[in-house]
Amino acid sequence: ILNVEQSPQSLHVQEGDSTNFTCSFPSSNFYALHWYRWETAKSPKALFVMTLNGDEKKKGRISATLNTKEGYSYLYIKGSQPEDSATYLCAFPPPNFGNEKLTFGTGTRLTIIP
Amino acid sequence: NAGVTQTPKFQVLKTGQSMTLQCAQDMNHEYMSWYRQDPGMGLRLIHYSVGAGITDQGEVPNGYNVSRSTTEDFPLRLLSAAPSQTSVYFCASSYSSGGGVNSPLHFGNGTRLTVT
């Protein structure tokens, strides 16, 4: 079973501040790294699928970077808004598999304080 | 497009009862999977399918059966419900990741199951 670790477990951020959190994964046999946003009482929604070392993806105020050699990805949120409150999940497939068999981290629960 | 549709939204079962959680997708996705979400744990894979007629076990398959007779449908069967199966269940689908295409998962809205 792959070990996908996310830190911190939870985070409280003042509205307007920027924040970031980490996903760590095994660096050997890297295939892809997924980020999902999961709002309470809803289903997870994809943010990014990252495949290349040094990759950087952006969607509005949210961006992510990837370092496959050292096995980590950062998710950044610039100028946090209340609607950013959610749990952010990362996921990673085992060697020789793709997105049919993802292992998920336990997530970072982000709360934006108005 | 409806996306991924899961039914029911909520279900209460008594220990030993059986039931089927339904999942359907209308995006012509090859891959479909079932996850369960328990407090303090990440989403854990129960079973998955890479195409019609092909299924395989995930991390926590015991007590569950699946079949994939069509591309669209991927039902999850609880054979004899146990309190340990109290959880929130999510169905997900995606295009295949072959050929370098890394498609994200599309999730259904979840089924909250309680086994008493």
Side-chain angles (χ1 to χ4, degrees), chain A residues 1-10 23-25 29-53 55 57 59 62 64 66 68 73 86-109, chain B residues 2-6 9-10 23 25 27 29-52 54-61 66 68 74 88-112:
Chain A
I1 297 172
L2 291 180
N3 197 18
V4 181
E5 293 186 0
Q6 291 189 247
S7 62
Q9 267 192 321
S10 66
C23 173
S24 301
F25 53 87
N29 296 308
F30 176 81
Y31 187 73
L33 192 282
H34 294 227
W35 280 103
Y36 292 85
R37 182 168 174 272
W38 192 359
E39 293 178 79
T40 303
K42 295 188 178 179
S43 58
K45 296 284 192 293
L47 286 170
F48 307 113
V49 179
M50 309 181 78
T51 56
L52 299 174
N53 185 44
D55 214 1
K57 290 192 184 265
K59 187 181 282 190
I62 303 177
L66 179 67
T68 61
S73 176
T87 297
Y88 292 83
L89 302 173
C90 68
F92 178 77
N96 304 315
F97 285 90
N99 52 348
E100 75 275 23
K101 200 174 180 182
L102 297 181
T103 296
F104 281 83
T106 53
T108 293
R109 183 188 288 266
Chain B
V4 180
T5 304
Q6 273 185 251
K9 274 191 169 181
F10 302 95
C23 176
Q25 54 93 9
M27 297 172 281
H29 284 166
E30 297 93 341
Y31 290 173
M32 294 187 76
S33 49
W34 278 101
Y35 290 86
R36 59 179 287 174
Q37 169 68 43
D38 300 296
M41 308 191 79
L43 290 164
R44 291 184 294 165
L45 183 64
I46 305 171
H47 286 284
Y48 67 97
S49 168
V50 298
I54 307 168
T55 64
D56 208 343
Q57 296 180 351
E59 182 186 346
V60 287
V66 291
R68 183 104 178 264
F74 191 44
V88 181
Y89 292 84
F90 287 96
C91 178
S93 72
S94 70
Y95 290 112
S96 71
S97 52
V101 174
N102 287 290
S103 168
L105 299 188
H106 296 254
F107 286 88
N109 287 331
T111 296
R112 185 174 293 274

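Because the structure is a prediction, the values reported are computed rather than measured. Quick note on labels: first sequence line is chain A, next is B, and so on, each numbered from 1.
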Practice problem: Using the test side-chain hydrogen bond (donor to acceptor under 3.5 Å, both in side chains), find all partners of A/E39 that sit at least two apart in sequence or belong to another chain. | Solution: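 In terms of side-chain hydrogen bond (donor to acceptor under 3.5 Å, both in side chains), with neighbours along the sequence ignored, A/E39 is linked to A/R37.
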
Exercise. Could you tell me which residues satisfy side-chain hydrogen bond (donor to acceptor under 3.5 Å, both in side chains) with A/K59, sequence neighbours excluded, listed by chain and number?
Key: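 With sequence neighbours excluded, A/K59 shows a side-chain hydrogen bond (donor to acceptor under 3.5 Å, both in side chains) to no residue whatsoever.
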
Quiz item: Where on B/L105 is there a heavy atom nearer than 4.5 Å to chain A: the side chain, the backbone, both, or neither?
Solution: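 Both the backbone and the side chain of B/L105 come within 4.5 Å of chain A.
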
Quiz prompt | B/E30 versus chain A, the contacting section by heavy-atom distance below 4.5 Å | solution =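 Looking at B/E30, nothing touches chain A.
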
Self-check item: side-chain hydrogen bond (donor to acceptor under 3.5 Å, both in side chains) evaluation trace for B/T111 with B/Q6
Solution: CA-CA 7 Å; B/T111 296; B/Q6 273 185 251; 3.3 Å; yes

Tell me, side chain or backbone of [X] under 4.5 Å from chain B's heavy atoms, or both, or neither?
X: A/K42; value: backbone
X: A/F48; value: neither
X: A/L102; value: both

Quiz item: Among A/A46, A/P44, A/A41, which residue forms the greatest number of heavy-atom pairs with chain B at distances under 4.5 Å?
Solution: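 Maximum pair count with chain B is reached by A/P44.
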
Taking the six-membered ring for Trp, are [X] and [Y] ring centroids under 6.0 Å apart?
X: A/W38; Y: A/F104; answer: no
X: A/F92; Y: A/Y31; answer: no
X: B/Y48; Y: B/F74; answer: no

Exercise. Would you mind telling me which of B/S94, B/G110, B/S33 has the largest number of heavy-atom pairs within less than 4.5 Å of chain A?
Key: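 Counting heavy-atom pairs under 4.5 Å, the top option is B/S94.
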
